[in-house]
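Each chain gets a letter, A, B and so on, in the order its sequence line appears, and its residues count up from 1.
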Amino acid sequence: MPVYSIKINGESHSVEADPDTPLLWVLRDHLNLVGTKFGCGMGQCGACTIHLDGSATRSCLLKVSMVDTMEITTIEGLSKDGTHPVQLAWKEIDVPQCGYCQAGQIMSASAFLAQNSNPSKTDIRDAMSGNLCRCASYNRIEKAIETAASKMS
Amino acid sequence: MESNNKLVFSRRSFIRTSALAGGGVLIGFNLFQACKPEAKPPVDISQLNFNDFNAFIKIADNGMVTIFSPNPEIGQGVKTSMPMLIAEELDVPWDHVHVVQGALDTKNFTRQVAGGSQSIRQGWEPLRQTGATARQMLVNAAANKWGVDPKDCSTKEGYVFNSSGDKLGYGELVKEASVLEVPEEVSLKKPENFTIIGQDVPNVDLDKIITGQPLFGLDYKEDGMWVASVLRAPSFGLVLDGYDDTEAKKVNGVEQIIEFKNRIAVLAKDTWTAMKAKSLLKANWKEDTTLESTEYHDEKLLNLLNGKEFNTMRSDGDVEKAFAQADQIVERVYESPFLPHNCMEPMNFFADVTDQKVRLVGPIQTPEGTARQVATLLERDVEDVSVEMTRMGGGFGRRLYGDFAQEAALISNLTKKPVKVVYTREDDMTAGIYRPAIKYKSAASIKDGEITGYHLKEASVNSNMYGLIPNFFPAGAIENYRVDVAKYNSNITTGAWRAPYTNFLSFAEQSFFDELAEILNKDSIQMRLDLLEKVKGTEDERIQYSPERLQNVIKEAVAKSGYGNAAEGVYQGFSAYYCHNTHVAEVADVVMENDVPIVKKVTCIVDCGIVVNPLGAKNQVEGGVIDGIGHAMYGNFIFSDGAPKDKNFDTYHLIRINETPVVETHFIQNDYAPTGLGEPTLPPAGAAVANAIKAATGKRLYKQPFVNELKVKAPLG
């Protein structure tokens, strides 16, 4: 099996895996970074969202052989101690119910705010429409992103 | 007013204390044992080991309090709110309290029963008594030290005070308290003296959730574990008739492939390898029982509704006579599809079956029942089986069933390997235990402009409404009243889905009353209030709801939403419902954009008694309302040849953030004992939206999902 050198949260990792292995399962099963969640396996729910060179990307659709030297950030590496403004806003608003989708929500929201620091409500709703929350904590996700945006600008 | 100010309890049999070697005191109690309504104290408390308790309070000698709870958390917030009840009566500041999930500690947690939407209602008194008992022991210890009567002592924020103004911290008293007798009688605080209950307390697992720490079943792993992906029959009604695993075996990392109970399991070194190899299996299936379709179910259920074979669940007065003498009979049929649960965390479970023991780990709401089922399945003593609970990525009823845990146990038993079974989303959606498809026929007899009779018929797949439901509104409000049920037995597996039965019955009923008011030319709010007025003072003990409390949420919803005085272009729909011991009224605001109705806002009034944690409670209300709207609007689960048409989120529509209204929540302030919140705001949402869409478009909706009847692909928000 081929060996890939991939850079995650600033550290290099050597991974032996079949070329078609999705990055999601490399993270979860090979590297023990289980904050990135499996929800649908086809890029429809957003639970597996990571940053690839800063852009929100569905890691279930990304083969390990496609990652190359790109910078990967997972929820574990978004901040050292959970103090990214989006994580702090998630705490302030008390967003989660079951919590399973929230890492993916936070990764989508943080990549979005990095590109649009002063979003309208419509911008937020459009940007987050790829992330499902089965507990429907949507009102709070919207509020937390507004809170984070106001603190980041 | 219900009594929630009883001052004296004798519950010491549920509690035992012990000094800790490293300092501090450990108080053991049976969390769910104490909460069960039929709970009986163990015969001889002195014979119990600490292992016989399932929850503990540790008070360290620095005064910090740790509450160890085996509490299953499915997202309803009880891991936060239940310890709040203990801390309130213990009288410690919440920031001195640390809550630890004890589920992975098999040594200390041997008895576990999952909560449900009854957790807070049933835990309300026993959990406070536990905290009060610990508090009283600390007071007694301080009184001994000071040589004063405990009655002259008081507590506040982790300190005991005496009448001379001396104070001692709890940490200074734990050693002495641990050797005292457990008091037989303790007093509980009056609601006006609460300092923690009623405050906004964030989710205790927040930090772990937002930083991606392992919490869930899917995150669980141990050395030597194999991942199993299971191929199940693609249709209900098919059985396995041979298979070819040549290609699957060629996948690097596949350990073993086995057949069991009409299924094939692929064991591999990791999840992706197992799933990939499973997709390469070539299985033959043959028809064993009928391959059913949605059209087939529609026909069966309509035939039942129009037939004569019913079980009568409740019958008051003489419905037949009322209908025979009526000026007019109004009859409507309401229809709903099957629904999958679609927990965001797909079903999964770990099992390690050895000659010595059966070890199960994973997300499950019913660990005791699952342990018993697995013991039966493997022909083992139930004492050999341990179940450890992880946090659950959603439940909605699906994780009441231990079918996935049984699968893991069977595979581990056959292979003698530690195995974690992981479902793909397609597995999860197609091997479900669904909300059954149900149809209701609601009929009312009208005489001289009044409703004289009400006849509800239910036709459902596999099971019918539970016995309390016929005693909900309008039971007691209409003199001639009957509820009849019938069912069709299908090979499609069905079970509980968030707010079972009421999740759709509420839509039928509250749409029907809205239409009745229109036909009778009455104000729909006043008609509801008048009907409820007739229930007041009833001596019928079967009636479940309080007419006063239901009237109250209705009036409050009108006031808070401005119902009847909406702005131009805003169309409102009303709904009020009682279930799970909680009274709720909702008003949906709909606007038309490009001829498509858009739900902009829902005002939700909730009477759940004392609100233990408003921050968490509002989250439940918002989620319940949006979940109710999402499934009423979009939930379309069609069967064809025994198989679900939709298998993943590319075609199956779950509500998304850009389709979501703002939910404005108001709680009725009162001193009633608290009731559940996980479910009761979901049922009224469908009718509130349907009635608003009627106001906006003139079209009545009788069938879910609404998107099909509205002939629009997706009315986006």
Side-chain angles (χ1 to χ4, degrees), chain A residues 1 17-18 20-22 24-26 28-30 32-45 47 74-76 78-79 81-82 86-88 90-92 94-103 106 122 124-126 128-142, chain B residues 73-77 200 202-203 205-216 218-219 221 227 252-253 270-273 275-276 342-346 391-396 422 424-426 615-616 619-620 622-627 630 648-650 654-658 660 662-663 717:
Chain A
M1 252 189 284
D18 275 331
D20 65 349
T21 309
L24 167 67
W25 295 111
V26 170
R28 291 188 56 84
D29 285 359
H30 294 247
N32 252 339
L33 293 166
V34 296
T36 306
K37 299 300 191 216
F38 168 58
C40 70
M42 62 187 317
Q44 295 290 325
C45 77
T74 70
I75 186 72
E76 290 91 345
L78 185 63
S79 65
D81 45 8
V86 171
Q87 288 170 311
L88 291 177
W90 244 248
K91 278 182 78 164
E92 187 181 328
D94 194 42
V95 175
Q97 289 185 33
C98 86
Y100 190 79
C101 73
Q102 299 296 348
I106 290 169
T122 308
I124 294 172
R125 289 160 73 94
D126 288 346
M128 298 302 292
S129 65
N131 286 74
L132 287 172
C133 173
R134 179 64 182 81
C135 304
S137 64
Y138 294 127
N139 277 193
R140 288 187 184 206
I141 290 170
E142 208 173 312
Chain B
E73 177 62 79
I74 54 175
Q76 81 282 46
D200 284 339
N203 187 324
D205 281 336
L206 249 181
D207 283 313
K208 288 178 184 162
I209 290 168
I210 62 163
T211 55
Q213 301 308 301
L215 282 170
F216 300 93
L218 206 68
D219 304 338
K221 55 179 72 172
V227 179
N252 214 330
D270 59 60
T271 318
W272 170 247
T273 305
M275 288 178 179
K276 184 175 154 183
N342 273 326
C343 303
M344 284 308 294
E345 180 192 16
R391 190 179 178 87
M392 293 173 234
F396 311 106
V422 178
T424 61
R425 175 57 55 192
E426 290 80 3
L615 187 64
N619 213 347
Q620 292 303 307
E622 291 161 10
V625 170
I626 296 170
D627 189 9
N648 207 324
F649 301 132
D650 53 340
L654 281 178
I655 193 167
R656 291 177 182 267
I657 193 169
N658 56 340
T660 301
V662 171
V663 179

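Formation of a donor-acceptor pair under 3.5 Å by the Y138(A) side chain with backbone atoms of I655(B) is found in this model. Side chain of R425(B) to main chain of N648(B): no donor-acceptor pair is present (N/O by atom type, distance under 3.5 Å, no hydrogens or angles).
Comparing D81(A), I106(A), T21(A), T74(A) by how many heavy-atom pairs each has under 4.5 Å with chain B, the most go to T21(A). By number of non-hydrogen pairs under 4.5 angstrom with chain A, the leading residue of T273(B), D650(B), V663(B), N342(B) is D650(B). For the set G130(A), G43(A), G41(A), S129(A), the entry with the most heavy-atom pairs within less than 4.5 Å of chain B is S129(A). For the options N619(B), V662(B), D219(B), heavy-atom pairs under 4.5 Å to chain A are most numerous at N619(B). Of all the listed residues (H30(A), Q102(A), M128(A), M42(A)), the one sharing the greatest number of non-hydrogen pairs under 4.5 Å with chain B is M42(A). Among the candidates C40(A), G82(A), A103(A), the residue making the largest number of heavy-atom pairs closer than 4.5 Å to chain B is C40(A). Chain B forms the most heavy-atom pairs under 4.5 Å with one residue out of A47(A), G39(A), C45(A), A17(A), and that residue is G39(A). Note: T271(B) leads I626(B), N203(B), T271(B), D627(B) in heavy-atom pairs under 4.5 Å with chain A.
Heavy atoms only, all atoms of each residue included: Q97(A) and G623(B) are closest at NE2-CA, 4.0 Å. What you find for C98(A) and C135(A) is that their closest heavy atoms are N-SG, 3.6 Å. Taking every heavy atom of both residues into account, F216(B) and G99(A) meet most closely at CZ-C, 3.7 Å.
For a residue to count as touching a neighbouring chain, one of its non-hydrogen atoms must lie under 4.5 Å from one of that chain's; by this rule E76(A) touches chain B with backbone and side chain alike. At a 4.5 Å heavy-atom cutoff, the contact between D207(B) and chain A is made by side-chain atoms alone. Heavy-atom distances place the side chain of K221(B), and not its backbone, under 4.5 Å from chain A. Of the two parts of K37(A), only the side chain, counted from C-beta on, holds a non-hydrogen atom closer than 4.5 Å to a non-hydrogen atom of chain B. With a 4.5 Å cut-off on non-hydrogen atoms, D20(A) touches chain B through its backbone and its side chain both. Contact of V26(A) with chain B is not made at all, since no heavy-atom distance falls under 4.5 Å. For a residue to count as touching a neighbouring chain, one of its non-hydrogen atoms must lie under 4.5 Å from one of that chain's; by this rule L78(A) does not touch chain B. Heavy atoms of L206(B) lying under 4.5 Å from chain A belong exclusively to its side chain.
With F38(A) as the aromatic partner, R28(A) does not meet the cation-pi criteria of under 6.0 angstrom to the ring centre and within 45 degrees of the ring axis.
Under the 4.5 Å side-chain criterion, counting only non-hydrogen atoms from C-beta, Q44(A) is not in contact with L132(A).
A salt bridge links R125(A) with E142(A): the closest approach of a Lys/Arg side-chain nitrogen to an acidic carboxylate oxygen falls below 4.0 angstrom.
For D94(A), the salt bridge (charged side-chain N to carboxylate O under 4.0 Å, His left out) partners two or more places apart in sequence, or in a different chain, are R140(A). Checked against salt bridge (charged side-chain N to carboxylate O under 4.0 Å, His left out), D200(B) has no partners two or more places apart in sequence or in another chain.
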